[in-house]
Amino acid sequence: MMKDFEPPSQRRDSAASIKLQSQLSNLTYRVSKSRSGTTAIPADPHYDLVFDVNVDGIPPCQVQLKTSKHTRADELLRHVLHQLSSSGYQRKAVDCYTLSEVVYDDVGQVCKERRLTSDDHPAQLQLLWPKDQNSPGSSDTDSSIRETYAFRICESSTDSLDQAPHSPWLECDLASYFASDSYLHKFFSDDNTVADLCQLPELTEPTILADLKERFDEGRIYTSAGPSILVSINPYKFYPLYNPKVVSLYQTDVHPSLKLPPHIFAIADTAYNTMLRYRRDQCVVISGESGSGKTECTHFILHHLTALSHKGQQGGKVEQSILSAAPVLEAFGNAKTAHNNNSSRFGKYIQVFYKPDGKVCRANVQQYLLEKSRIVTQARNERNYHVFYYMLAGSTRRRSASSS
Ligand SMILES: Nc1ncnc2c1ncn2[C@@H]1O[C@H](COP(=O)(O)OP(=O)(O)OP(=O)(O)O)[C@@H](O)[C@H]1O
């Protein structure tokens, strides 16, 4: 495997060094190995990647290695595992591990996660990360969100929460299941607020707003209004509400009797299952003012629809393509405005098509009403479409790489 990883011309001189930095004990290990052929540095190793490793048997640590832009995720996973086993770790088969691109919030919780497929190129993905990870997406200081992007390697068995729904005790004590996470524990516990506005004893604007506020103050950003309407309030900070554990819970075909709090995943789940049951098209309309969270909601819905489609298995190419299309579309149609650093300046009509067995087969995106005037003029403190800045960033990087 590693022979493919490195051309013979480079193999002879290569010496790989990894740094396992224990995040818990703050100890740093260095392991060097030369000429073995198995710990080779890849060709064109211009890119430094750091992998957070969270596996049984060793403390959480980081493995750092130089790699090429064209090295695939599966090759890198093997390489990191090899480095770990060189330092005494008893590794399992490579299928027992997952390599993901994750986003940590300001308290170190994973707030977004995407499992990489073998066709992904981590070095290229890293180029898309915000440059200054302490103030992502922009140089603004008004954003309260602090995100850190990283690659993470976990054991599938411990990290994959696809196992979780089948635990028999899960259904009887959901809050205890999340005991280790104070936010999720609270989210899945009972409280005094009303989760469905239709159940309010008195239905007036003040009572609705009071209930929404009380729930929001407790981190419950979703409230339903009947079975098919969801009110979502943008928290402008990430809650760990979208991780695989939660994805796996909001699947009614797996847990038909589970009573779950309102969530954007529940909307996707209802649409999916109603489509399958009645064989009729379903539609989700997302509306709100600029910056209210429509784009994020769209991502969460698409993410959940594809998760439902592949039922806990590794997503296929179609699912990956659907999810990967968003950053490209946003590059050409989103821009920083006074209200939103990633404001969609066009309307989107997204259609996801399914086969009779419930698997996604294709998707179609129609755009309308693109704000074309932004290309030539922007209001004060606003920007042009992201793509222009990406191109400039890319050209700068190439020049500095060649000059070094
Ligand atoms: N559920 C959420 N949790 C945490 N942060 C969120 C959530 N939804 C939105 N945000 C934050 O709010 C910002 C604005 O959200 P988003 O871009 O989805 O708004 P929008 O309604 O699509 O705006 P526009 O109409 O301008 O395109 C996001 O970049 C994100 O930082």
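Numbering of ligands and ligand atoms starts at 1, following listing order.
Between R345 and ligand 1, a contact under 3.5 Å exists for no N or O pair. By the 3.5 Å distance cut-off applied to N or O atoms, G293 is counted among the residues near ligand 1.
Across all non-hydrogen atoms, the minimal contact from R215 to V194 is CD-O, 3.5 Å.
Shown here is D217, whose CG atom has more than 12 heavy atoms of other residues, nucleotides or ligands within 6.0 Å.
Taking the six-membered ring where tryptophan is involved, the planes of F265 and H304 are essentially parallel, since the angle between them stays under 30° and well short of 60°. Below 30°, between 30° and 60°, or above 60°: for Y242 and F300 the angle between ring planes is below 30°, a parallel geometry.
Only side-chain heavy atoms of P235 come within less than 4.0 Å of ligand 1; its backbone N, CA, C and O stay farther off. Under 4.0 angstrom from ligand 1, there are no non-hydrogen atoms of Y239.
I350 pairs in a side-chain contact (heavy atoms from CB on, under 4.5 Å) with only one of the listed residues (I301, I322, T298), which is T298.
Per-residue contacts place S343 under 4.0 angstrom from the following atoms of ligand 1 (heavy atoms of the residue considered): 24 (P), 26 (O), 27 (O). For ligand 1, the atoms lying closer than 4.0 Å to a non-hydrogen atom of F300 are 1 (N). Atoms of ligand 1 lying under 4.0 Å from any heavy atom of N342, numbered from 1 in the order shown and given with element: 17 (O). Counting the atoms of ligand 1 from 1 in the order shown, those under 4.0 Å from a heavy atom of E289 are 21 (O). Short contacts between ligand 1 and K237, defined as distances under 4.0 Å to a heavy atom of the residue, involve ligand atoms 3 (N), 4 (C).
Relative to atom 29 (O) of ligand 1, the option among N341, I221, N340, T298 with the closest non-hydrogen atom is N340. The option from Y236, Y242, F346 that lies nearest to atom 1 (N) of ligand 1, judged by heavy atoms, is Y242.
Using a 4.0 Å cut-off between a side-chain N of Lys or Arg and a carboxylate O of Asp or Glu, D74 and R72 qualify as a salt bridge.
Residues meeting the side-chain contact (heavy atoms from CB on, under 4.5 Å) test with F353, sequence neighbours left out: Q351, C361, R362, N364. For the side chain to side chain donor-acceptor pair (under 3.5 Å) test, no residue two or more places apart in sequence or in another chain qualifies with H121.
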